[in-house]
Amino acid sequence: MIEEADANDKVVAFRLMASLCGFAKGLGLDEETTRHIVFRVITDMPICSDEKRLARARNWMLIASA
């Protein structure tokens, strides 16, 4: 999935990963899981704002940590 991402998606993913780093660590999620969630959110929400993507990613991260 990550290899298929275009350059714009990679830039967005970098921004989202930076914003979610502390949250993911607090939940005990590893970087690979967080990256998978971030790319899934970008794929599922291609025209949404970063704020909406971050909210969705946080929800999925909470589910993944349960």
Side-chain angles (χ1 to χ4, degrees):
M1 177 188 314
I2 295 172
E3 295 80 21
E4 299 172 9
D6 64 16
N8 187 49
D9 287 350
K10 289 181 182 179
V11 170
V12 172
F14 183 79
R15 273 197 322 257
L16 296 179
M17 288 288 293
S19 296
L20 293 168
C21 181
F23 187 74
K25 286 182 182 179
L27 293 174
L29 296 176
D30 62 7
E31 187 176 342
E32 183 179 340
T33 301
T34 304
R35 183 174 289 116
H36 177 78
I37 290 170
V38 165
F39 273 97
R40 179 72 188 263
V41 167
I42 292 168
T43 301
D44 288 354
M45 303 173 74
I47 59 172
C48 292
S49 66
D50 281 355
E51 291 80 23
K52 289 183 181 182
R53 288 175 173 166
L54 285 169
R56 175 74 54 90
R58 285 187 191 106
N59 286 338
W60 286 359
M61 291 167 77
L62 286 168
I63 293 167
S65 70

- Test item: D44 and W60 side chains (from C-beta on) under 4.5 Å apart, heavy atoms: yes
- To the nearest 0.5 angstrom, please state how far the CG atom of L20 sits from the CD1 atom of I37. 9.0 Å
- Task: Apply side chain to side chain donor-acceptor pair (under 3.5 Å) to E32 and list each qualifying residue two or more places apart in sequence or on a separate chain.
- Result: none
- Check the hydrophobic clustering (I, L, V, M, F, W, Y; side-chain heavy atoms under 4.5 Å; chains of links allowed) and say if I42 and M61 are grouped together. yes
- Would you say V41 and L62 are hydrophobically clustered, going by side-chain heavy atoms of ILVMFWY under 4.5 Å? yes
- Item | Distance, nearest 0.5 Å, that separates CZ of R56 from CE of M45 | 4.5 Å
For residues 22-30, which side-chain donor-acceptor pairs fall under 3.5 Å, sequence neighbours excluded?
residue: D30; atom: OD1; partner: T33; partner atom: N; Å: 2.8
residue: D30; atom: OD1; partner: T33; partner atom: OG1; Å: 2.5

- Identify, with sequence neighbours excluded, every residue that meets side chain to side chain contact (heavy atoms under 4.5 Å, CB included) alongside D50. V12, R15, L16, R53
- Message: Distance check, rounded to the nearest 0.5 Å: K10 atom NZ versus N8 atom CG?
- Response: 11.5 Å
- Message: Tell me whether L54 shares a hydrophobic cluster with F14, the cluster being built from Ile, Leu, Val, Met, Phe, Trp, Tyr side chains joined at under 4.5 Å.
- Response: no
